[in-house]
Every structure is written in C-alpha cells, then in structure tokens.
Amino acid sequence: MNIFAKAAQLEEQNTPFALANIIETRGSAPRHSGQMIVKTDGSIIGTVGGGMIERYVIEQALEALQQRKSRVIKGRMTRSGPEAMGMDCGGAMSVLIDVYGLRPSLLLIGAGHVNRAVAHAADVVGFDITVADAYAESLNKDYFPTGTKLVQGSSMVEAIDKLDITKDSFVVIATNHQDQDAITKVVNCDTQYLGLMASRRKVQTLFTHLRQCNVSESHIQAIHSPIGFNIGAETPEEIAISIMAEILKVKHQSAGGLMKDDSRLNKNKLVLIRGAGDIATGVAIRLFNSGFKVVLSDIAQPTMIRCSVSFGQCLYGEPCNVEGITARKALNCEDVFKAIDDGQVPVMIDETCCSLAKMKPAIIIDAILAKRNIGTTKDMAPITIALGPGFTAGIDCDAVIETNRGHHLGRIIYNGVTQANTGIPGNIAGYTHQRVLRAPCAGVMHNHVKLGDIVEEGDVIAHVDDSPVIAPLGGMMRGLLNAGLSVTEGFKIGDIDPRGIEADFTTISDKARAIGGSVLEAIMHLENKKLD
C-alpha cells in the first residue's frame with residue numbers, strides 16, 4: 001500500500017494524522033521530494049530525509065495535530081544560524097504539514113426519524129457520525145449515510161456505555177421514551193455540545209429529575225433543550241436543519257443571528273459609550289439587554305471606585321462579568337466586532353474617540369461624568385446623548401440626562417441643560433459626604449481591604465504612600481479604587497455603605513438603572529423623530 005492509499009484509509013477511519021510533504025529544497029538537502037505520515041503517537045510512514053530535519057518535522061506535525069491547524073516549516077541543514085537543524089549538508093528544505101482525520105464526532109442517541117435526518121444533514125458538513133439505540137430494527141444501515149457507525153445495546157444505557165464520549169463530542173439525544181435514562185447517563189460527561197429533543201414541559205420534568213439526582217446546575221444549564229433554532233420546523237428534515245444550525249454555531253463559536261444584523265454591515269444598533277464606570281456600565285447593560293451592540297471606551301487606567309460593577313475593570317487584565325454580561329478588552333476595531341459576535345461587551349482604550357471613523361456607530365453616549373464636556377460633539381453620530389452637567393442639549397448633543405438624585409433623576413432634556421453638580425453624594429442611611437473616602441495626600445494607592453468587606457469605624461482601609469486612610473464609619477466597602485493607581489490629594493478613592501451586610505456591591509445601582517432606562521427612552525424618541 002502506497003502512502004496516499006494509507007492516508008485515504010486513515011481519513012476514512014477518521015484517525016488523526018499529519019501528512020508532511022516536501023514543497024521546496026535548495027542545495028544539498030537529504031531529499032528533494034517525499035511524503036511522510038505522522039500519527040498522534042509519533043509513529044511515521046514514509047520519510048522526508050531522516051536525521052534532525054525529520055525529527056523536527058515530526059515535532060511540528062504533532063503540534064499541528066494538537067492545534068488542528070496546518071503549517072509550513074523551514075529548516076537549514078547547517079550547524080548554526082536561523083532555522084539551523086544541526087546538520088552538515090548545507091542545504092535547505094520547506095515542508096507543508098497538513099492535518100487530517102479530525103472530523104468532529106457527532107453521537108446520536110436514538111435512531112428514530114429525527115436523528116436519521118440529523119445524520120444526513122451532518123454528513124454533508126463533515127461530521128463523523130455514530131448512532132446508538134437499543135432496537136436493532138432502528139439501526140438499519142440503509143437509514144443512515146455510508147460510513148455511519150451503528151451501536152446497539154440491550155438497553156439505551158448499555159448502548160451509551162459503548163460510546164466514546166469525549167470533551168470534543170457533539171451529542172444529540174432524540175429518543176421516544178428513554179430520554180430520561182439517556183440524559184441522566186450523559187449529563188455529567190464533558191462534551192462540546194449536548195442537545196436534548198423535548199418539549200418545554202418535558203424539559204422542566206427532566207431538569208427537575210436531574211436536580212433530584214444531585215446533578216450540578218452548571219451541567220443542567222449546559223444542556224441545549226429545547227434543542228435547535230426556532231425556525232418553525234415541523235418535519236424531521238426541518239428539525240434536523242434547526243439542530244445542525246445550533247451545533248455549527250457552537251462548533252464555530254459564533255454568535256448566531258441573522259447575517260443582515262451583523263454590526264459590521266448594519267450599524268443602526270451600534271452604540272459607543274464614552275466611559276466605562278458604574279453608571280456607564282448600567283447604561284450599557286440596559287442597552288445590551290434591549291438588543292443594541294454596545295462598545296465602551298475609556299482611559300488606560302480608569303479611576304472608577306465601584307470596580308465590581310464597572311466594565312472598565314477589564315482594562316486591568318482579565319474579562320469581567322456584571323449581572324451575567326461579560327466585558328473584555330478590545331485592542332482594535334476588529335477585536336470590537338469579534339467580542340460583539342461572541343455576545344460580549346468590548347471595552348477599548350480610546351480616550352479621544354480615534355476609533356470613531358472606523359466603527360461609525362449610530363449612537364454615542366457620553367457617560368464620562370466629568371461634570372464638563374471633554375470632547376463630545378453633536379456631529380459625532382446620528383444620535384448623541386450625554387449624562388449630567390456640562391452639556392447643552394440641542395448644541396453639544398441631541399439629549400442630556402439628569403444625573404442628580406432626587407425627583408428629576410433620569411429626566412430627559414432635549415433643549416437646555418441639567419441641574420448643576422451639587423457636590424453632595426447620595427444619602428444612604430442618613431450619610432452623604434461622610435461615607436466617601438478621599439486621598440489624604442498625593443501618592444500611590446495600597447489597599448488593605450477589598451470590595452464587599454465589612455469594616456468598622458477607625459479601621460485602616462488603605463494607604464496613599466505612607467499616609468493611612470481611616471474608615472470614618474462602619475459598613476460595607478462598596479467602592480474602592482484599584483491598588484497601584486496614583487492619586488492627587490482629595491481624590492475620591494472609596495465609598496462605605498453604612499447598611500453593612502444588607503448592602504449589595506455586586507449589582508448596578510438604582511441610579512444607574514434609572515439613567516440607563518432614560519437613555520433607552522431617549523434613543524427611541526430620537527430614532528422616531530429622525531424617521532418622521
């Protein structure tokens with residue numbers, strides 16, 4: 001059997017392997033043409049010349065198999081220099097390494113009409129298909145595409161025991177009366193996708209059963225059920241298309257949705273929010289949950305104190321999550337649209353809106369809350385909205401939102417200005433400015449407590465350089481500036497909530513929700529006005 005026949009056999013068996021092919025040589029190379037198969041255990045069939053270059057090709061092939069991605073490698077048969085292989089031939093070689101036998105595994109539990117249709121739909125998009133059932137008559141090979149592996153057990157549980165379920169498997173359960181046994185058996189397996197065909201009422205019954213079996217909530221919530229996309233499917237073939245669409249969405253880690261709604265093409269729902277603190281985050285969450293595509297921009301090290309409810313926290317490192325919505329740092333516009341596609345909120349370092357020309361958002365919201373306008377103009381986008389004092393609606397922006405607490409909080413102004421800044425923090429349990437911590441001097445923040453901690457009056461909360469910051473009252477640390485930031489004397493660095501354990505530092509404030517609702521209303525009004 002020649003090497004290509006062997007490769008075809010391995011491909012048909014869906015056995016992972018890499019095929020290395022010499023594509024270019026110069027000078028005294030060990031070989032000028034040749035192919036070599038590399039299996040996942042490092043064994044080979046064929047050769048590309050032996051010696052150090054072949055060892056290097058094998059190493060690279062194994063790495064390519066692990067990454068499931070082809071590559072081209074180069075080697076020079078010299079003792080030193082770039083791409084040296086420690087050889088004395090003096091030539092050079094380029095090798096293309098392709099990976100094969102990596103069709104994704106689709107395990108269909110139940111061999112009824114729906115899974116038969118799923119098998120045919122999956123076959124044309126390259127899945128390796130295995131079907132399991134307890135009934136021999138249902139596993140007739142004529143019902144399935146050529147090459148489908150058929151597994152029978154005396155019961156559905158026994159059939160499942162014969163399957164090789166891995167973290168890369170896609171599993172679909174579609175049985176007549178054995179779905180409870182099947183899902184109970186599979187739910188704790190680590191899979192790429194687990195779908196269960198059941199009605200909404202049946203799903204509730206099965207999930208209740210799983211909870212009674214002490215299955216973790218995270219495993220239950222990972223089940224795709226009711227299965228598939230809602231496309232009004234009724235026939236087995238239509239249901240199969242619905243199921244495969246969902247599987248492909250997971251396989252490709254895509255956000256799904258209509259192509260025409262891609263924010264790169266249709267920017268009517270793209271919103272840029274200047275600022276990424278707690279109020280900006282509250283606005284972003286309100287708009288995100290209403291179907292808008294939201295991106296935030298801020299300085300490299302935002303100085304918000306309510307870090308646990310500020311999307312700007314992701315600029316300090318890892319992605320952050322506020323009320324179930326994940327925000328991550330975006331380095332450029334391509335990163336922005338990738339995060340949006342992934343169903344997340346991107347946050348950019350872009351103090352002066354340099355990205356505006358590329359993104360072209362339909363709506364801009366100034367949520368910096370600087371008490372003055374630091375660069376937002378009415379011509380930046382079709383709709384511009386600003387929060388708080390420093391803006392004149394009708395001149396600087398289309399609308400401005402009142403941010404002072406009290407009767408007018410959230411009021412939308414389409415012509416004119418908001419109330420002036422009072423400088424007095426909101427009243428909580430009778431405390432206003434007393435609960436706010438300020439830097440005793442200029443210096444660098446060093447924290448001794450974290451958000452959510454309960455402190456007592458007199459506790460040392462932090463140091464600014466060598467100067468201590470003392471708690472003026474007892475309560476919960478609801479706000480605290482990130483450690484390591486440089487501050488000026490009198491800078492707001494923290495906030496103590498006197499309600500103590502009754503306070504909530506993990507969700508956005510009532511003020512942020514109110515302002516977010518007003519922003520949403522203003523957008524709706526301004527959109528309708530422009531349409532008129």
Side-chain angles (χ1 to χ4, degrees), residues 271-289 294-329 344-349 365-371 385-390 401-405 409-410 421-428 431-433 435-438 445 447 450-453 475-483 485 487 491-499 503-520:
V271 180
L272 171 62
I273 300 177
R274 301 191 68 193
D278 63 307
I279 300 298
T281 300
V283 173
I285 288 174
R286 204 70 181 258
L287 297 182
F288 180 93
N289 287 333
V294 183
V295 53
L296 292 82
S297 67
D298 213 319
I299 60 176
Q301 293 186 315
T303 53
M304 66 269 171
I305 63 169
R306 296 209 62 200
C307 302
S308 57
V309 289
S310 296
F311 284 149
Q313 190 64 21
C314 71
L315 296 180
Y316 287 92
E318 297 299 314
C320 63
N321 188 287
V322 182
E323 298 198 0
I325 299 171
T326 299
R328 75 184 194 214
K329 183 177 179 180
Q344 298 179 339
V345 173
V347 184
M348 297 186 75
I349 299 172
I365 299 162
D366 190 314
I368 299 172
L369 300 177
K371 312 298 190 293
I385 298 170
L387 310 185
I401 311 295
E402 180 61 67
T403 57
N404 274 345
R405 285 189 179 273
L409 174 64
N421 179 35
T422 65
I424 302 174
N427 188 316
I428 298 180
Y431 294 90
T432 55
H433 64 274
R435 60 185 180 82
V436 175
L437 304 176
R438 297 192 179 276
M445 282 285 295
N447 297 339
K450 62 183 183 300
L451 290 176
D453 284 351
M476 177 185 286
M477 290 304 304
R478 195 178 71 141
L480 188 63
L481 203 63
N482 279 284
L485 289 178
V487 296
F491 195 86
K492 184 178 178 180
I493 60 172
D495 177 14
I496 298 175
D497 192 318
R499 294 172 294 185
D504 184 355
F505 72 102
T506 64
T507 57
I508 60 175
S509 67
D510 56 343
K511 179 176 179 178
R513 290 187 200 280
I515 293 172
S518 296
V519 169
L520 181 58

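In this chain, residues are counted from 1 in sequence order.
You'll find the side chain of L387 reaches within 4.5 Å of the side chain of V519, heavy atoms only. Side-chain contact between I305 and L480 is absent, with no heavy-atom pair separated by less than 4.5 Å. A 4.5 Å side-chain heavy-atom check between V295 and V347 finds every atom pair outside the cut-off. Side-chain contact between F491 and L481: present, with at least one pair of heavy atoms (C-beta onward) separated by less than 4.5 Å. For the pair I385/D366, no side-chain contact is recorded, criterion being any heavy-atom separation below 4.5 Å from C-beta on. At least one side-chain heavy atom of I493 sits under 4.5 Å from a side-chain heavy atom of M445.
Residues F311 and T281 come closest through the heavy atom pair N-OG1, 2.8 Å. Among all heavy-atom pairs drawn from L409 and A514, the shortest one is CD2-CB, 4.2 Å. Heavy atoms only, all atoms of each residue included: T403 and P389 are closest at OG1-CD, 3.9 Å.
Separating the CD1 atom in I365 from the CD1 atom in I515 is a distance of 11.5 Å, to the nearest 0.5 Å. Taking CD1 from I279 and CD1 from I368, the interatomic distance works out to 14.0 Å, rounded to the nearest 0.5 Å. In this structure, CZ in F505 is found 8.5 Å from NZ in K450, a value given to the nearest 0.5 Å. The line from CG of L287 to CD1 of I273 is 5.5 Å long, rounded to the nearest 0.5 Å. Between the CG atom in L296 and the CD1 atom in I349 there is a gap of 13.0 Å [rounded to 0.5 Å].
When the salt bridge (Lys or Arg N to Asp or Glu O under 4.0 Å) test is applied to D495, the partners found at least two apart in sequence or on another chain are R435, R478. Taking N289 as the reference, nothing meets the side-chain hydrogen bond (donor to acceptor under 3.5 Å, both in side chains) condition, with sequence neighbours excluded. Residues meeting the side-chain hydrogen bond (donor to acceptor under 3.5 Å, both in side chains) test with Q344, sequence neighbours left out: R328. Every residue was checked against the side-chain hydrogen bond (donor to acceptor under 3.5 Å, both in side chains) condition with K371, not counting sequence neighbours, and none meets it.
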- request: Could you go through the side chain to side chain contact (heavy atoms under 4.5 Å, CB included) check for R499 and M476 one step at a time?
  value: CA-CA 7 Å; R499 294 172 294 185; M476 177 185 286; over 6 Å; no
task: Please lay out, stage by stage, how T506 and V309 fare under the test side chain to side chain contact (heavy atoms under 4.5 Å, CB included).
output: CA-CA 6 Å; T506 64; V309 289; 5.5 Å; no
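Using a 3.5 Å distance cut-off with no hydrogens or angles, the side chains of T507 and D504 do pair a donor with an acceptor.
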Can you give the donor-acceptor pairs under 3.5 Å from side chains of residues 315-323 to other protein atoms, not counting sequence neighbours?
residue: Y316; atom: OH; partner: P302; partner atom: O; Å: 2.6
residue: N321; atom: OD1; partner: G324; partner atom: N; Å: 3.0
residue: N321; atom: ND2; partner: T326; partner atom: OG1; Å: 3.1
residue: E323; atom: OE1; partner: R513; partner atom: NH1; Å: 3.4
residue: E323; atom: OE2; partner: I508; partner atom: N; Å: 3.0
residue: E323; atom: OE2; partner: R513; partner atom: NH2; Å: 2.6

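Annotation: side-chain hydrogen bond (donor to acceptor under 3.5 Å, both in side chains) contacts involving residues 294-315, sequence neighbours excluded, comprise Q313-N482.
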